[in-house]
Amino acid sequence: MRRPPALVAALGISAALLAVLPIGYLLLRLVEGFDRAVAELLRFRTLELLGNTALLVVAVTLTALVLGFAQAWLTTRSNIRFAALFGVLAALPLAIPSYVIALGYVSLFPGFSGFFGSWLVLTFSTSPYVFLAVTAAMVRTDTAAEEVARTLGYGRWQVLLKITWPQVRPAATASMLLVALYTLSEFGAIAILRYDTFTRAIYNAYRGSFDRTSAASIAVVLLLITLLVIWFERKYRGNYQASSVALTKRLRVDLAGYKPLAIFGLSVASLLSLGLPLASLVVWSIQGVSSVDAGLLVDALLGSVKLAVLAGLVIGVFGTAIALWSVRYRNRLGQFVETISWATHAMPAIVVGLALVFFGANVTPWIYQTTAMLLIAYLILFLPNTLAAIGTPIAQVSRSLEDVSRSLGTPANKTLYRVVLPIAFPGIIAGIGLAALTVLKELPATLLLRPTETNTLATRLWSATGDLAYAQAAPYALLLVIIAGLPALALNAQARKALSEVRS
Amino acid sequence: MFKKVLSGALLVATAVGLAGCAVDESETSLTVYSGRSETLVQPLIDKFTEETGIEVEVRYAGSAELAAQILEEGQNSPADVFFSQDAGALGAVGKAGLLQTIPQDLLDLVGRSYSAADGSWVGVSGRVRVLNYNPEKVTDLPNSVFDLEDPIWKGRIAIAPTNASFQAFVTAMRVVHGDEETSRWLEAMAVNAVIYEENSAILEAVEQGLVDAGLINHYYWFAMEKEVGAGAMKSKLAQFAEGDVGNLINAAGVGLLSDSGAGKKFVEFLLSPESQEYFASETSEYPLIAGVPVGAGLSPLGEIPAPKIDLSDLDSLEQTLALIRAAGLI
């Protein structure tokens, strides 16, 4: 197996070392009070939390898959009208933080809570991940095999399951992993909707009792579950398939009489995931008497954009390196680096935040409470988002192109920079966009690690809702959704780009 | 190859390190970690800077998050002052030995029962636990918080067991009535109560008619009244009978993390009549120094039918949590 270039390996190893920090911190806290940690884990409550968490993760992952896959298939493979519009609508919920969706529902339906509420809200917040990944994969795969299968007498469902699914499976399972880990680590929406999971228990241990040992013990269980989920995904991912075929005119399945049903389904999904939270944001803005200071709003906007852009670039660079390593130079160390990066993704942001507070204040005080520290936290938390987005385009760069380049005497490294990266570049940009968008919405780690007196739209939104000043919160939330909507739109455009190229 | 990797990793590490060096911290400034909100605190800070010329950097976050942050930072905390929403967070930081003793003349300004016994923190403003209720659904007000054990309250009373002020109240119940009675009450709550995350969520639920009543701090009601306008509130507030533990008075307070003169000046400023008046009028909290009138619609602190209890006796949070957990509430 070929060795990765030194820079790729260095970036990968640095990222893995950073990702190990929170795990080391947890073990430190665990060892401090081992007896109490064991007692905490042996409570019946732990089992209850395990049941709750597992139920939610499985439910959300499955419904997000069904919804995201259906949206992707209908908007790229069927002949419904307004396919492009429905594509945009399917991607946009990505821009709304899940706690804002939850608040929207709760403010319109006061009794909305518990498992069902959490399931619904998290399905809406996470299905765009599946939608985008599957769309990108569907657009790039060849439909010829499907046509052949049809002529051989396969039914529509058989084609979908036996031909289409295997082609998009790697992208779909990677996005499902993202969904599962998102659900594992979600706090805001879960707290608003009052459903008990491991992550909520971890927050409560810190916030209610400053009990770092029991928080750490629950977090370690969460980490083990995460590793299990990752192992599961590895097992079922299948191999990325490089398509060497030029993009051809696509076969679009004629839905005939089912068209109205499809349009209705897509409309309802968008109404519930996008329309309703946005409507309630507008209602908030109108209600109440408090007003917003325009200076603070601009200040927060600039703070958010600056952090999102910087973090996007940093995460993009590291993400590209790790994706290259694990996809094109597959070796054990590369796989380990990728697994470690994923493992910390399900860790609640407060754990990563506190680990860096501990490390920063006591080991590297010169970067503590600086933007650099915050960027490190974002890197640890959101590297996997980018990996999921970058993995597919890098894998799909045809090996034969590389072989040609090398046979012409170009050194391997140069081939990488001149051939592989430029081809995968749009995908890398998409990965950066996804990371930036997630950073815009992030709250707990930002609160803990931001430079003192730096504010973002998310921190302003947080302080306004804490004051019960919904009218004041609404403009921050709206602006956040609009700003985060830009990368979301770009991601969607990117995913569908090949589609429009062929059609025009 | 390995050398190359190593030097590459070092390069990355140095780049990250250099990025950090660009920011320098001014030695003259006072750093405050505030668990109280910016809208409330910042006007006071600006006034303080105007009066003393001391530049103040404030970090706003939740009290509990800040306490956790200070505990992790340990001796290296950049904070000089911790201004906390509740006594429990200050107690946790004090227990870790991270708080300096407040000068005696400042401690003397505030009643003994509203500060730490060892002088590690001092109360700044008071708040009272109340019963928030919907007058259409609750006509017969309970005499004692223990009356809520009655099955007639099943599904009608809201509590926030993860909230610090609720936990302080349960600790007070343990101190006054003992663990056994407290456990019984908590178990009854596990049957009767509807669980919320925060006081504000309870208040909204009562306002919207989702639950009939809830246990909250008094000032949330006044804050919402300010937001929706006078006379627009559907719910009301009530106290239990004289001396009932359900009427506990709690305090927001401040602790010093460093031995800075500026920090002491800031505490002195918070305990000045003008700041105390500010809390009373802005948040409807109770001023804790003598001679400052309470806000509109409130009776003086001395007339609250509160239990006789010192806040510094409420430091046994761990046992309280054990009981709350045993009852299955968190």
Side-chain angles (χ1 to χ4, degrees), chain A residues 3 6-7 9-11 13-14 17 43-45 110-111 191-192 194 201 203-204 206-212 287-290 350 353-355 357-358 360-362 364-373 375-376 444 447-448 450-453 459 462-464 466-472, chain B residues 1 4-9 11-13 16-17 19-23 31 37-40 57-62 64-65 67-69 71-74 76-78 88-89 92 161-164 167 195-197 200-201 204-205 208-210 220 223-224 227-229 317-318 321 325 328 330:
Chain A
R3 277 184 174 158
L7 183 63
L11 286 168
I13 289 173
S14 311
L17 286 178
R43 293 170 58 206
F44 173 70
R45 172 125 180 104
I192 292 164
R194 297 186 278 124
Y203 271 83
N204 285 340
Y206 281 124
R207 304 202 306 175
S209 52
F210 316 102
D211 185 350
R212 293 176 288 172
Q287 273 175 359
V289 289
S290 14
I350 195 170
L354 284 175
V357 165
F358 174 70
N362 297 299
T364 57
W366 61 90
I367 59 165
Y368 185 55
Q369 291 186 356
T370 65
T371 305
M373 198 77 194
L375 292 179
I376 293 176
L447 274 179
L448 278 170
R450 72 200 153 125
T452 299
E453 306 212 321
T459 65
W462 165 82
S463 43
D467 288 347
L468 276 183
Y470 285 152
Q472 234 174 55
Chain B
M1 166 73 193
K4 264 186 168 175
V5 171
L6 201 68
S7 60
L11 197 76
V12 172
V16 170
C21 289
V23 185
T31 302
S37 76
E38 183 168 359
T39 29
L40 176 68
E57 279 207 339
V58 198
R59 198 176 175 82
Y60 295 98
E65 280 86 350
Q69 180 158 16
L71 289 174
E72 293 299 353
E73 290 169 345
N76 290 330
S77 177
T162 55
N163 188 270
Q167 292 170 355
I195 309 298
Y196 284 85
E197 192 84 3
S200 50
E204 267 181 56
Q208 288 165 339
L210 290 176
Y220 287 95
M224 189 185 253
E227 182 84 5
V228 300
L317 187 63
E318 277 191 28
L321 286 165
R325 280 178 185 175
I330 56 173

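Residue numbers start from 1 in every chain, and the chains themselves are labelled A, B, ... in the order their sequence lines are given, proteins ahead of strands. What you see below is based on every heavy atom in this structure, not just the backbone, and it leaves out hydrogens, waters and symmetry mates.
Not a single donor-acceptor pair under 3.5 Å links the side chain of Glu57(B) to the backbone N or O of Glu453(A). Checked by atom type and distance alone, the side chain of Arg59(B) pairs as donor or acceptor with a backbone atom of Arg450(A) at under 3.5 Å. Of the possible donor and acceptor atoms, none in the side chain of Asn76(B) sits under 3.5 Å from a partner among the backbone N and O of Gly360(A).
Interface remark: Leu210(B) contributes side-chain atoms only to the contact with chain A (heavy atom separation under 4.5 Å).
Between chain B and the options Ala355(A), Ala191(A), Pro451(A), heavy-atom pairs under 4.5 Å are most frequent for Ala191(A). Residue with the most contacts toward chain A among Pro161(B), Ser77(B), Ala89(B), Gly209(B): Ala89(B) (heavy-atom pairs, distance under 4.5 Å).
Shortest non-hydrogen contact noted between Val58(B) and Thr452(A) is O-CG2, 3.3 Å. Heavy atoms only, all atoms of each residue included: Val357(A) and Glu72(B) are closest at CG1-CB, 3.7 Å.
Atoms CD and CG, on Gln69(B) and Leu354(A) in that order, are 7.5 Å from each other to the nearest 0.5 Å.
Between Tyr206(A) and Glu65(B) there is no side-chain heavy-atom pair separated by less than 4.5 Å. Counting heavy atoms from C-beta outward, Ser463(A) and Tyr60(B) have side chains that stay 4.5 Å or more apart.
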